[in-house]
Amino acid sequence: MNTTFMHRAIELARQGMEKNEGGPFGCVIVKDGTVIAEGNNRVTSDNDPTAHAEIVAIRRACENLGEFQLTGCEIYTSCEPCPMCLGAIYWARPNRVFYAGTRIDAAEAGFDDDFIYTELNIDPKLRSIQMIPMERELAKEVFQSWTEKKDKIDY
């Protein structure tokens, strides 16, 4: 735990917000005490709803490390990750995540991710965005090919 890295994540949040790049969120990724990547929310400047600070930083960190996982890394983020970022963090497999603000703090500022957390637990047929299953058997064939693939890279 290093307050310098958290202070930097919070400063990135402030800078991105002041530049109107997106919401007030920042992230720093550290390995062996060295910053390997940083990011701030760039949703509005990049016209990309996935350009959250954590996603931006994870992409940069993986590129800098030449790996698709962040084993041995720590993530410092200015706010508790939203469901999308939390999923990306789990896929990236860092050792630890430190966060400053909570999702309650974010909701009070107008970023209410609780709706998405709730939607994740609802049967797909009942979600607010219509989810329509189709062609499952074709998709299952591809999954079967994956399980049989000899040169696959597991992740």
Side-chain angles (χ1 to χ4, degrees), residues 1-124 126-133 139 142-143 146 152-155:
M1 182 179 334
N2 185 312
T3 58
T4 301
F5 298 136
M6 184 57 76
H7 291 173
R8 177 64 182 154
I10 294 168
E11 182 56 28
L12 288 166
R14 181 180 308 284
Q15 289 174 1
M17 175 194 64
E18 289 174 351
K19 293 178 187 175
N20 286 324
E21 293 176 333
F25 304 95
C27 183
V28 174
I29 300 179
V30 176
K31 186 168 188 175
D32 300 324
T34 301
V35 173
I36 58 168
E38 297 180 335
N40 63 279
N41 185 292
R42 300 188 52 80
V43 168
T44 57
S45 62
D46 290 0
N47 294 317
D48 180 355
T50 70
H52 289 199
E54 296 91 336
I55 302 294
V56 170
I58 287 169
R59 289 175 179 161
R60 289 175 179 167
C62 288
E63 183 177 338
N64 290 341
L65 291 172
E67 300 177 15
F68 58 86
Q69 292 183 337
L70 299 177
T71 306
C73 294
E74 296 177 335
I75 295 178
Y76 291 80
T77 183
S78 65
C79 188
E80 180 180 358
C82 76
M84 177 184 68
C85 293
L86 185 61
I89 287 166
Y90 272 93
W91 283 116
R93 294 178 174 87
N95 289 17
R96 283 183 285 264
V97 177
F98 300 96
Y99 63 93
T102 67
R103 67 190 203 191
I104 294 167
D105 301 332
E108 290 173 355
F111 299 94
D112 194 358
D113 300 332
D114 195 51
F115 167 74
I116 300 170
Y117 280 103
T118 302
E119 286 280 299
L120 290 172
N121 293 316
I122 296 174
D123 183 294
L126 303 174
R127 291 182 179 151
S128 63
I129 295 178
Q130 193 174 22
M131 302 278 166
I132 305 164
V142 178
F143 283 129
W146 171 258
K152 67 184 171 195
I153 300 171
D154 288 318
Y155 61 96

Legend entry - Stepwise side-chain contact (heavy atoms from CB on, under 4.5 Å) check, T50 with R59: CA-CA 11 Å; T50 70; R59 289 175 179 161; 3.5 Å; yes
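- Considering only heavy atoms from C-beta on, H52 comes within 4.5 Å of V43 through its side chain.
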Inset, instruction - Could you walk me through whether F111 and F25 pass side-chain contact (heavy atoms from CB on, under 4.5 Å), step by step? - result: CA-CA 11 Å; F111 299 94; F25 304 95; 3.8 Å; yes
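- At a threshold of 4.5 Å between non-hydrogen side-chain atoms, the residues F115 and S128 count as touching.
- How far CG of L86 is from CG of D113: 10.5 Å, rounded to the nearest 0.5 Å.
- Shown here for W146 and I153, the closest heavy-atom pair between the two residues is CH2-O, 3.8 Å.
- Counting non-hydrogen atoms of neighbouring residues, nucleotides and ligands closer than 6.0 angstrom, the CD atom of E63 reaches no more than 12 such neighbours.
- Residues I29 and P94 form no side-chain contact, since every pair of their non-hydrogen atoms from C-beta on lies 4.5 Å or further apart.
- Between E38 and V28, the shortest heavy-atom distance links the atoms CG-CG2, 4.2 Å.
- Smallest separation of non-hydrogen atoms from G72 and N95: N-OD1, 2.9 Å.
- Atom CZ of F5 is separated from atom CD1 of I75 by 13.5 Å, given to the nearest 0.5 angstrom.
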Inset, instruction - Show your reasoning for whether side-chain contact (heavy atoms from CB on, under 4.5 Å) applies to M1 and F98. - result: CA-CA 8 Å; M1 182 179 334; F98 300 96; 3.8 Å; yes
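- The closest side-chain heavy-atom distance from V30 to N2 is not below 4.5 Å.
- No side-chain heavy atom of L12 sits under 4.5 Å from any side-chain heavy atom of C27.
- One finds the CD atom of E18 at 7.5 Å from the CD atom of E11 (value rounded to the nearest 0.5 Å).
- Counting heavy atoms from C-beta outward, K31 and L65 have side chains that approach closer than 4.5 Å.
- Atom CD1 of I104 has 12 or fewer neighbouring heavy atoms from other residues, nucleotides or ligands inside a 6.0 Å radius.
- Minimum heavy-atom separation, E21 to T44: O-OG1, 3.1 Å.
- Contact check on E119 versus R127 returns no salt bridge, with no Lys/Arg side-chain nitrogen under 4.0 Å from an Asp/Glu carboxylate oxygen.
- C73 has its side chain within reach of I36: a pair of non-hydrogen atoms, C-beta onward, lies under 4.5 Å apart.
- Of the possible donor and acceptor atoms, one in the side chain of E80 sits under 3.5 Å from a partner among the backbone N and O of R103.
- The line from CZ of R8 to OG1 of T3 is 14.5 Å long, rounded to the nearest 0.5 Å.
- Applying the 6.0 Å contact sphere to CZ of F68 captures more than 12 heavy atoms from other residues, nucleotides or ligands.
- Y99 OH: 12 or fewer foreign heavy atoms inside a 6.0 Å radius.
- Residues L70 and C62 are in side-chain contact: their nearest non-hydrogen atoms beyond the backbone lie under 4.5 Å apart.
- Taking both residues in full, the closest heavy atoms of A100 and S78 are given as CB-O, 3.4 Å, listed atom of the first, atom of the second, then distance.
- When only modelled atom types and interatomic distance are considered, N40 and Q15 share no side-chain donor-acceptor pair under 3.5 Å.
- The nearest pair of heavy atoms linking I55 to C85 is CG1-SG, 3.9 Å.
- Ring pair W91/Y155 is tilted by interplanar angle, where 30° to 60° counts as tilted.
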